[in-house]
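Every number for a ligand or one of its atoms is a count from 1 in the order of the listing.
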Amino acid sequence: MHSLVVFASGTGTNAAAIIGWFSRNIKARVSLIVCNRPNAGVLDIAKDKHIPYLLVNKQTIEEELLLTQLASCNPSMIILAGFMWKLPEHIVKAYTGKIVNIHPALLPAYGGKGMYGHHVHEAVIAAGEKESGITIHYVNEEYDEGNIIMQARCLVQPTDSPDDLAARIHKLEHFYYPRVIDFLLPDRL
Ligand code: GRF
């Protein structure tokens, strides 16, 4: 069975979708959740699902110990699901080609530093875009610049608030992210 490590900072609805998908599919399981916010909703999900979690701060995320803790999970993939910090370079190097992220817009548009959460949807609406969507991509040393794995689109309605658009995009994320991860994992370890 593949082991997956999820990094998340927020409510964790994507983490929940991934955990749910692989609870019905024995190909993989989430073996660790790494989080930088002690009050993040994703930690409630971890506790509820009995998944070990690790809280990191600006210092511990840089330490070799985290690399050792990750290695002990032997992850086939590291999944960023709303993790607010850039991963340290040594982690990206250690897991090149095995780290994926989801972005709530059609990269390369509306990506980069500061483009997260409602900022993305506000910018998309302010620009009068007719469509937005999600991008699942590999992670490299730069924000939102790794190779794109897949994108899915949705319409932006003229009356949309950022929350309306966020809700539509979350639906796309919850549908596609678990399936894309599943697709990327080799059938055999
Ligand atoms: C998602 O919209 C994702 O695209 C972005 O962060 C958000 C996380 O949401 N990277 P949630 O915590 O999974 O609900």
Protein residues that have a heavy atom under 4.0 Å from any atom of ligand 1, sorted by chain and number:
G10, T11, G12, T13, N14, G82, I102, H103, P104, H170, E173

Does any N or O in the side chain of K27 come within less than 3.5 Å of the main-chain N or O of D187, such that one atom is a donor and the other an acceptor?
no

Exactly one of L54, I78, L65 should register a side-chain contact (heavy atoms from CB on, under 4.5 Å) with L70. Which one does?
I78

Mind telling me whether F83 and W85 have parallel, tilted or perpendicular rings, with 30° and 60° as the class edges?
perpendicular

Do S132 and H121 get their side chains close enough for a donor-acceptor pair, meaning under 3.5 Å?
no

So, is the end of the R179 side chain (NZ or CZ) under 6.0 Å from the ring centre of F175 and within 45° of the ring's axis?
yes

Going by an N to O cut-off under 4.0 Å, is there a salt bridge joining K93 and E89?
yes

